[in-house]
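Worksheet: the structure to be examined is printed underneath.
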Amino acid sequence: MRTSRLLVSTLALTTTAAVTAALLTPPDAVAAGTRSTADRPSAPLMGAPKKATSEGYGGAVSSVDPEATKIGLRVLKRGGNAVDAAVATAAALGLTEPFSAGIGGGGYFVFYNAEKGKVQTLDGRETAPKAMPNDAFVDPATGKPYNFTPELVTSGVSVGVPGTPATWQRALDKWGTWSLGDTLHPSIDLARRGFKVDTTFRQQALDNEVRFKAFTSTKKLYFKGGDAPSVGSMFKNKDLADTYELLADKGLRPLYRGGLAGEIVRAVRTPPTTKSTKLPVPPGYLKKRDLRDYSVLEQKPTKVSYRGYDVYGMAPSSSGGSTVGEALNILERYDLATLPVASAMHLYFEASALAYADRGAYVGDSAYVDVPLKALLDEKFAAERACGINPAKAATKPVAAGAVTGYDGVCPTTTSAPAEHEDTENVSTTNLTVADRWGNVVEYTLTIEQTGGSGIVVPGRGFLLNNELTDFSTTYVATDPNRIQPGKRPRSSMSPTIVLRNDRPWLALGSPGGSTIITTVLQMLVNRIDLGMTVEEAMAAPRATPRNTATTLAEQAFIDAYGTALTALGHTLSPAGDGLTSDPFIGAATAIELGKKGFMTAVAEPTRRGGGATGVVSKTK
Ligand code: GLU
């Protein structure tokens with residue numbers, strides 16, 4: 001027997017005004033006091049000034065770093081388009097945010113092509129070596145699984161073929177107007193001139209001290225003289241300048257086929273460990289032919305319609321587009337705008353949990369496993385999934401995955417057994433958003449996986465290698481869509497998203513944060529579209545990250561605003577950090593909203609992870 005879905009009743013939890021006020025409490029008031037701040041550096045942020053919101057015309061950039069944003073803006077001012085500026089900004093982040101992203105990693109590039117009037121994407125995710133065995137995460141010496149930390153994260157085993165350089169080249173070839181060399185030159189200059197170290201840079205290096213000191217190359221670059229670069233000092237990376245120069249002169253051949261490819265392979269197969277390190281550092285399986293065979297994939301974006309907006313995201317190998325999309329489809333069945341905010345947040349928690357259950361059960365690299373993407377983004381499927389939501393009571397987590405075949409939008413009487421899906425993704429990465437005067441928009445998330453990646457700097461080359469392959473499930477199960485397979489891309493959560501209104505770009509947004517990326521993007525969309533916040537407010541509002549786990553990580557201001565109401569419904573919340581310590585935190589997002597007559601609002605974090613940096617080409621039209 002089937003029953004119709006419960007209608008949502010308005011929950012009398014708290015008054016909308018009170019929770020909205022709390023919702024807008026700046027998050028820097030949030031984490032302080034909830035976690036130890038003893039290891040937080042006390043020096044003020046240094047370097048180019050940061051501006052979390054910029055409004056104007058002619059183009060805009062938002063990233064986590066002021067130097068990178070400045071470089072992107074300079075490209076736009078000199079006539080480059082959004083793609084040229086995005087690549088230049090990303091290259092600068094490889095220098096100034098080297099622990100989050102760079103040419104040793106991968107990412108996803110989402111582009112609104114104004115000329116064609118459509119959204120296009122590039123999948124520049126790292127791939128597993130062809131020789132990577134199913135049991136790569138088992139120690140051959142003991143027959144037992146490696147510990148995730150320290151063995152797997154600081155290893156050659158977890159290094160995938162970097163996709164970022166190939167992504168930059170493909171984006172420029174397809175849509176850009178500048179050469180790779182032209183986009184790299186500002187960063188080459190900056191790497192030689194040096195930039196001011198800020199608290200985030202120093203703290204991230206310190207958080208990785210043991211790992212970084214395990215490699216001669218990494219120690220030399222980031223712990224010269226024994227300590228991490230001090231806040232306010234000038235940091236130069238001459239090796240990276242030379243590497244970028246090599247790519248500027250010779251293109252990508254050296255990196256994917258030549259001498260640099262050989263050096264990458266050597267660093268993975270015989271990691272350059274220091275004599276004194278106690279870390280085990282298992283070697284990896286990478287070969288030169290893996291680099292030679294790497295290719296960036298042009299993927300059709302995911303698309304869902306949400307309250308009249310068209311939301312485009314990244315298809316598998318990322319789970320970003322399908323999970324954000326499915327959750328939106330579920331949420332669209334409720335009139336969130338008329339509900340008290342805490343009730344809306346309850347529904348956000350439940351919809352997100354359901355979408356995460358399906359992500360775990362069904363999403364992996366679609367070149368290797370059959371991902372039921374159509375079903376996951378089908379409104380009938382969402383209707384059926386919404387049957388699992390009780391507006392007055394939180395479901396016990398984890399909730400089970402839905403049935404992706406035979407669904408008809410009517411509530412089923414039985415559900416499958418819930419499954420725990422391990423979550424080993426870290427909360428690093430970086431994100432940038434660029435818009436240009438011609439109407440092009442780029443949303444780009446790039447990463448080397450965890451902060452500091454594998455910890456291995458390619459000797460003499462000035463960049464860190466990723467440890468992205470830790471995004472594969474650590475235990476091999478033949479039915480798991482995210483199991484290790486040779487040549488495969490590990491499942492990602494990166495969710496670069498572009499929203500169109502009346503077929504024109506309206507909002508572009510994305511975030512770092514491992515599996516929390518999905519909820520950061522989802523919550524910001526709900527904040528902006530349903531809860532009536534401005535894009536600036538939607539960015540600053542306190543976050544929670546419901547990922548189908550028994551306890552939900554949430555910022556203290558979120559807990560202060562909704563903790564009582566959500567706990568009464570059966571949710572359990574635990575406090576998140578603010579990105580200034582090594583505690584887990586939720587996002588360091590960037591976004592641009594496109595208004596009427598060319599008006600643009602670029603926003604970045606006011607405080608999380610030290611705050612982001614935005615700029616516009618011109619304040620006036
Ligand atoms: N490896 C993660 C992913 O692909 C990104 C890492 C992070 O954001 O910290 O989703």
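For reference, positions follow the sequence shown, starting with 1.
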Hey, could you give me each pair passing ring-ring contact (aromatic ring centres under 6.0 Å, His included) that has a residue in residues 259-278? Not counting sequence neighbours.
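Residue pairs passing ring-ring contact (aromatic ring centres under 6.0 Å, His included), neighbours aside: none found.
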Using atom types as modelled and distance alone, determine if a side-chain donor or acceptor of [X] lies under 3.5 Å from a backbone N or O of [Y].
X      : Y      : answer
Thr470 : Val153 : no
Ser233 : Pro229 : no
Ser454 : Leu465 : yes
Lys213 : Gly226 : yes

Determine the sole option in Asn467, Val157, Asp139 for which the side-chain contact (heavy atoms from CB on, under 4.5 Å) test with Leu152 is passed.
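Among Asn467, Val157, Asp139, the one meeting side-chain contact (heavy atoms from CB on, under 4.5 Å) with Leu152 is Val157.
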Matching residue for Met494 among Val110, Leu446, Ile517 - test: side-chain contact (heavy atoms from CB on, under 4.5 Å):
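Running side-chain contact (heavy atoms from CB on, under 4.5 Å) over Val110, Leu446, Ile517 with Met494 returns exactly one hit, Ile517.
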Can you see which heavy atom on [X] is nearest to which on [Y], and at what distance?
X      : Y      : value
Pro512 : Thr429 : CB-O, 3.2 Å
Val75  : Ala88  : CG2-CB, 3.6 Å
Pro129 : Asp290 : CB-OD2, 3.4 Å
Pro271 : Ile456 : CB-CD1, 4.1 Å

[X] side chain to [Y] side chain, donor-acceptor N/O pair below 3.5 angstrom:
X      : Y      : answer
Ser493 : Ser515 : no
Asp123 : Ser317 : yes
Thr519 : Thr545 : yes
Asp207 : Gln203 : yes
Asn431 : Thr590 : yes
Thr614 : Ser62  : no

Can you measure from [atom1] ([X]) to [atom2] ([Y]) and round to the nearest 0.5 angstrom?
X      : Y      : atom1 : atom2 : value
Lys50  : Glu67  : NZ    : CD    : 10.5 Å
Leu509 : Thr433 : CG    : OG1   : 7.5 Å
Glu468 : Arg489 : CD    : CZ    : 11.5 Å
Thr607 : Glu605 : OG1   : CD    : 7.0 Å
Ser158 : Met132 : OG    : CE    : 8.0 Å
Tyr222 : Glu209 : OH    : CD    : 15.0 Å

Quick one, [X] and [Y] - any side-chain contact, counting heavy atoms below 4.5 Å?
X      : Y      : answer
Gln120 : Glu298 : no
Arg193 : Lys236 : no
Arg491 : Pro316 : no
Leu172 : Asp84  : yes
Thr447 : Asn466 : no
Val442 : Val83  : yes
Arg547 : Leu553 : yes
Leu180 : Leu252 : yes

Steps toward ring pair (Phe, Tyr, Trp, His ring centres under 6.0 Å) verdict (Phe137, Phe148):
CA-CA 9 Å; Phe137 291 168; Phe148 192 73; 7.9 Å; no
[X], [atom1] atom: more than 12 neighbouring heavy atoms under 6.0 Å:
X      : atom1 : value
Arg192 : CZ    : yes
Lys288 : NZ    : yes
Lys220 : NZ    : no

Salt bridge (charged side-chain N to carboxylate O under 4.0 Å, His left out) between Arg202 and Asp227, worked out:
CA-CA 10 Å; Arg202 177 170 168 78; Asp227 190 17; 3.4 Å; yes
Please test Leu279 against Thr273 for side-chain contact (heavy atoms from CB on, under 4.5 Å), starting from the C-alpha separation and ending with a verdict.
CA-CA 9 Å; Leu279 292 182; Thr273 46; over 6 Å; no
Does Arg461 form a side-chain contact (heavy atoms from CB on, under 4.5 Å) with Ser217? I'd like the steps, not just the answer.
CA-CA 9 Å; Arg461 295 302 193 169; Ser217 48; over 6 Å; no
Would Glu97 and Arg609 count as a salt bridge (charged side-chain N to carboxylate O under 4.0 Å, His left out) here? Give the steps.
CA-CA 12 Å; Glu97 280 273 308; Arg609 201 161 104 183; 2.9 Å; yes
Is [X] salt-bridged to [Y], cutoff N-O under 4.0 Å?
X      : Y      : answer
Lys130 : Asp293 : yes
Glu263 : Arg266 : no
Asp365 : Arg483 : no

Single hit among Phe111, Phe109, Tyr108 for ring-ring contact (aromatic ring centres under 6.0 Å, His included) with Tyr444
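In the set Phe111, Phe109, Tyr108, the residue that makes a ring-ring contact (aromatic ring centres under 6.0 Å, His included) with Tyr444 is Phe109.
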Can you classify the ring geometry of Phe195 versus Phe201 as parallel (below 30°), tilted (30 to 60°) or perpendicular (above 60°)?
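Ring orientation of Phe195 relative to Phe201: perpendicular.
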Test side-chain contact (heavy atoms from CB on, under 4.5 Å) on Ile103 and Leu247; report intermediate values, then the result.
CA-CA 11 Å; Ile103 55 172; Leu247 303 183; 4.3 Å; yes
Before giving the answer on salt bridge (charged side-chain N to carboxylate O under 4.0 Å, His left out), spell out for Lys144 and Glu151 the whole-Å C-alpha distance, their side-chain angles and the decisive distance to 0.1 Å.
CA-CA 12 Å; Lys144 298 213 174 95; Glu151 279 96 331; over 6 Å; no
Ring pair (Phe, Tyr, Trp, His ring centres under 6.0 Å) between Phe215 and Phe223, worked out
CA-CA 10 Å; Phe215 303 102; Phe223 277 87; over 10 Å; no
Could you walk me through whether Arg359 and Ile518 satisfy the side-chain contact (heavy atoms from CB on, under 4.5 Å) test, starting with their C-alpha distance in whole Å, then the side-chain angles of each, then the deciding distance to 0.1 Å, before giving a yes or no?
CA-CA 11 Å; Arg359 166 188 180 268; Ile518 292 164; 3.7 Å; yes
